[in-house]
Each structure stands twice: as structure tokens, then as C-alpha cells.
*Asks:* 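Take a look at the following structure, please.
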Protein chains: 2
Amino acid sequence: MLAQYVILGLLKERPMHGYEIKQRFEKISGLFWKVSYGSLYPALKKLAKAGFIVQQRFSSKDSPGRKVFYLTEEGETALYEWLREAHDIGDVDRNSTNEFMLRLIFFSFLPEKEGRELLLKRQTVVCKKWEEMQGKLEEIESREEKGDYYKLAMLDYIIRMIRTEKSWLEDLLSGRDMPSFS
Amino acid sequence: MLAQYVILGLLKERPMHGYEIKQRFEKISGLFWKVSYGSLYPALKKLAKAGFIVQQRFSSKDSPGRKVFYLTEEGETALYEWLREAHDIGDVDRNSTNEFMLRLIFFSFLPEKEGRELLLKRQTVVCKKWEEMQGKLEEIESREEKGDYYKLAMLDYIIRMIRTEKSWLEDLLSGRDMPSFS
DNA sequence: ACTAACATGTAATCTGTTACATGATTGA
DNA sequence: TCAATCATGTAACAGATTACATGTTAGT
């Protein structure tokens with residue numbers, strides 16, 4: 001499902017054939033998402049059937065040959081709709097975060113202002129979650145119910161991750177020089 | 001698959017019935033993993049069939065009634081084996097990270113030394129990945145191929161996340177007071 | 001000549017979700 | 001008495017992976 005849209009996004013960059021799409025897919029989003037041939041080729045078929053992409057076959061005689069796929073206008077519309085749905089991502093769990101990041105890859109296709117708005121929306125969601133987790137932690141600490149060491153460690157991990165996303169968003173929105181990588 | 005082992009871990013804490021397991025499951029690991037009834041109850045069935053858990057029915061007359069599940073010795077053995085497999089998690093992508101964190105929840109069941117070893121192993125994997133990503137970034141910067149703003153932002157995001165896990169592990173291993181949450 | 005990577009595709013299988021069905025218990 | 005939550009379970013469906021099958025191209 002998500003793979004379909006990533007394919008559209010990649011094809012907006014330039015026309016590609018299946019194998020190439022997979023490589024690019026994994027180069028860009030490898031840590032968030034992977035795609036297998038067993039889902040890639042059926043996905044391409046579906047997209048073609050829906051009219052979102054068209055294919056051109058390069059057949060050298062009878063060999064199956066490469067098929068290059070092109071994004072259609074309908075496909076572009078579908079891509080934009082999907083990108084704008086980033087507005088509806090209201091959680092910070094693993095799935096929601098992946099869905100947001102997968103869209104982010106293609107934010108440069110949107111008008112600058114819109115990308116910014118989507119980031120601001122994400123910021124409110126992340127901040128809310130951060131406060132929620134912070135509250136959970138304080139509750140545990142106040143009850144002196146220290147409990148399990150590793151479970152506390154996991155809560156710590158989650159809070160750190162959310163805080164990291166929070167400051168990443170702040171830097172991105174403030175236009176600060178991005179590679180603040182120490 | 002993973003849910004099965006989390007269930008074993010939760011039942012080692014104390015016997016529970018299905019509904020309770022789901023609640024506890026989500027309270028602890030909600031940001032990493034969720035379980036639906038459509039997988040929970042079949043999973044419990046499978047575990048019972050495999051002899052990893054046994055059930056006691058509390059039937060008030062003819063009502064379906066609650067079923068309380070208990071971990072067996074075989075189940076405990078399976079749980080330990082799974083926890084020790086944390087050794088084999090050699091990547092830092094979303095799936096691998098989730099698998100590691102899901103195991104971490106139950107590390108307190110292992111001898112202290114073993115938990116530490118698993119964390120050290122994770123540390124080497126994370127550090128390696130961090131260096132790899134750092135290299136990728138430098139390569140991009142050196143080529144002056146600044147390219148897409150948002151794609152760079154995503155690389156930044158990934159590196160920050162890995163760095164956060166890195167310092168979390170350092171703090172955890174050094175026994176530093178965990179809630180370093182500012 | 002051989003190996004690795006390029007390139008496409010399908011079928012069996014596995015896993016998990018959604019929606020549905022049922023009924024008990026508890027508190028307003 | 002009514003709604004919410006507790007509690008268990010199944011069947012249809014959706015999605016994705018793995019393994020297989022096939023053939024090309026490029027480099028050593």
C-alpha cells in the first residue's frame with residue numbers, strides 16, 4: 001500500500017524500470033521500509049491498471065526486456081493527495097512515524113509553504129506525545145515505584161527518541177544549518 | 001510471531017487472561033508493537049498447543065468466562081532462547097530495532113551479566129551503523145551534491161536517531177542515572 | 001567459461017487486520 | 001436501564017515474504 005505511493009514519488013523524479021525502483025527505494029528509505037520483488041512487480045501492475053503509470057517495453061527480440069515506467073498526470077495527482085495526507089498522521093508510534101518519513105522524502109514536490117505546514121502539524125503531534133510520555137515518567141517517579149530497570153530504560157529510550165525528533169523538527173523549521181551532526 | 005514471545009514474557013511476570021495481556025502488551029510496548037484480538041487469541045491457542053502455556057477456565061455457569069494462562073517450564077525455556085537471540089540482531093533498521101526493544105523489556109529475567117553482554121553487542125552494531133551513515137553524509141557533502149533539501153533532512157533524522165540510541169546505550173551501560181531526561 | 005549483478009515475474013505461504021458475533025459486568 | 005468497558009472468539013480479507021523459475025549483460 002505505502003510502497004505504491006513511494007513508487008509514484010520515485011517515478012516523479014525520473015522514469016525507471018522495476019529493478020531500478022527497488023534499488024532507489026532502498027537507498028533512500030532503507031531504514032524505514034523495504035520492498036521485495038514479490039510486492040514490487042504486482043504493485044507496478046496495479047498502478048498501471050489504475051492509470052497512475054504507463055510502461056514502455058524495451059524488448060530486444062524475444063527477451064522479456066526492461067520495462068520503463070512513467071508517471072501519468074493521474075499518478076501525480078494521487079501522489080500529491082497522499083503527500084497531503086501527512087496532515088492526518090496523529091500518532092508517534094512506529095507505523096505513523098514511518099508513514100510520515102516516507103512522505104517527507106517527497107516534500108520538495110509540494111509548494112514550500114505546504115511542506116512547512118505539514119512539518120508544523122507534525123511538530124504539534126510530537127510535542128503532545130512528548131508531554132504525555134514525560135507525564136507518564138513523572139507519575140512513575142512520584143510513586144517511587146521504580147520497578148523494572150529495563151522497562152524504565154525502554155521508557156527512557158522512547159522519550160529520548162521523541163525528544164530527538166522534536167529538536168530535529170525545530171532545527172528543520174528554523175532553517176538552521178541542517179547537518180548539525182557532531 | 002513476535003507477539004507470541006511477548007506473551008510468554010508477560011506471563012512470566014504473572015498469569016493473566018487474554019484481555020489483560022493485550023492491555024499490558026500495549027501499555028509497555030505500545031509505541032513499538034500492537035496486538036489485535038484477531039492475532040492474540042489464535043496466538044494463545046498456538047502457545048497452548050505447543051505446551052508453552054496452560055489455561056485455567058473460570059466459568060460462571062455457561063458463560064464463556066475468563067481463561068487465565070500460566071507459563072510452563074517449556075514456555076520459559078522458549079522465552080529465554082528468544083531473549084538470547086538478541087545477539088543475532090545485526091541491523092539498525094526499524095524491524096531489527098523493534099525486535100531488540102521488544103526483547104529488552106524482559107532482560108531483567110536474564111542474569112545481569114548476560115543482559116549486559118546483549119547491550120554491548122547491540123552497541124557494536126549501532127556504532128558500526130552510525131559510522132556507515134556518517135560516511136554516507138560526508139560523501140554527499142564532499143561531492144557538494146547538496147541535492148534535495150528534504151532527503152538530506154531525512155538522512156539527518158536517521159543519523160540523529162542512531163546517535164540517540166548510541167548515547168542511550170552508553171548511559172545505560174555506564175549505569176548512569178537513567179532519567180537524564182531534561 | 002564463469003560469476004555476479006541485472007532484470008522480470010509468479011505461486012505458495014504466512015501473518016496480521018478488520019469486522020463481526022456474543023455475552024458479562026459495572027457504574028451512572 | 002443504559003452505556004462503557006470487560007471478555008472471548010472467528011471468518012473474510014489484505015498484505016507481504018519466500019522460494020522458485022527464467023533469462024540477460026558485463027566483467028574477469
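Heavy atoms only: backbone and side chains are in, while hydrogens, waters and symmetry mates are out. In this text the structure is predicted, and so the values were computed from the model without any measurement. Every chain is numbered from 1, with letters handed out A, B, ... down the list of sequences.
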*Asks:* Should Y19(A) be listed as having a side-chain N or O under 4.0 Å from OP1 or OP2 of dT8(C)?
*Replies:* no
*Asks:* Strictly below 4.0 Å, N to O, side chains only: are K121(B) and E117(B) in salt-bridge contact?
*Replies:* no
*Asks:* Starting at atom CD of E26(A), determine the distance to atom C1' of dA5(C), rounded to an integer number of angstrom.
*Replies:* 15 Å
*Asks:* What residues form a ring pair (Phe, Tyr, Trp, His ring centres under 6.0 Å) with Y5(B), not counting sequence neighbours?
*Replies:*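 For Y5(B) the ring pair (Phe, Tyr, Trp, His ring centres under 6.0 Å) partners, ignoring immediate neighbours, are W82(B).
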*Asks:* Are OP1 or OP2 of dT8(C) and a side-chain N or O of Y37(A) less than 4.0 angstrom apart?
*Replies:* no
*Asks:* Between dA7(D) atom P and R66(B) atom CZ, what is the distance in whole Å?
*Replies:* 6 Å
*Asks:* Using a cut-off of 4.0 Å on non-hydrogen atoms, how would the nucleic acid contact of K45(B) be classed: base, sugar-phosphate, or nothing?
*Replies:*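 Counting heavy atoms under 4.0 Å across all strands, the contact made by K45(B) is with sugar-phosphate only.
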*Asks:* So which heavy atom on L118(A) is nearest to which on R84(A), and how close?
*Replies:*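 So the minimum-distance heavy-atom pair works out to CD2-O, 4.1 Å.
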*Asks:* For nucleotides 11-16 of chain D, read 5' to 3', which letter fits each nucleotide if B means a protein heavy atom sits under 4.0 Å from the base, S means only the sugar-phosphate is that close, and - means neither?
*Replies:* ----SS
*Asks:* Tell me whether E26(B) is salt-bridged to K34(B), with the criterion being a basic N under 4.0 Å from an acidic carboxylate O.
*Replies:*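 Looking at E26(B) and K34(B), the cut-off is not met.
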*Asks:* Between Q56(A) and Y70(A), do the side chains contain an N or O donor and an N or O acceptor separated by less than 3.5 Å?
*Replies:* yes
*Asks:* Within this structure, what is the SG-CD1 distance for the pair C127(A) and I162(A), rounded to the nearest 0.5 Å?
*Replies:* 10.5 Å
*Asks:* Think K67(B) has a side-chain N or O under 4.0 angstrom from the OP1 or OP2 of dG9(D)?
*Replies:*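 Yes, such a contact exists.
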*Asks:* Bend angle of the helix from dA1(C)-dT28(D) to dA28(C)-dT1(D) from five-pair axes at both ends, rounded to 10°?
*Replies:*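 Taking five pairs per end, the axes differ by 30°.
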*Asks:* Have R122(B) and S96(B) got a donor and an acceptor in their side chains that come within less than 3.5 Å?
*Replies:*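 S96(B) and R122(B) do not have a side-chain donor-acceptor pair below 3.5 Å.
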*Asks:* Do Y157(B) and R160(B) make a side-chain contact, defined as non-hydrogen atoms from C-beta onward lying under 4.5 Å apart?
*Replies:* no
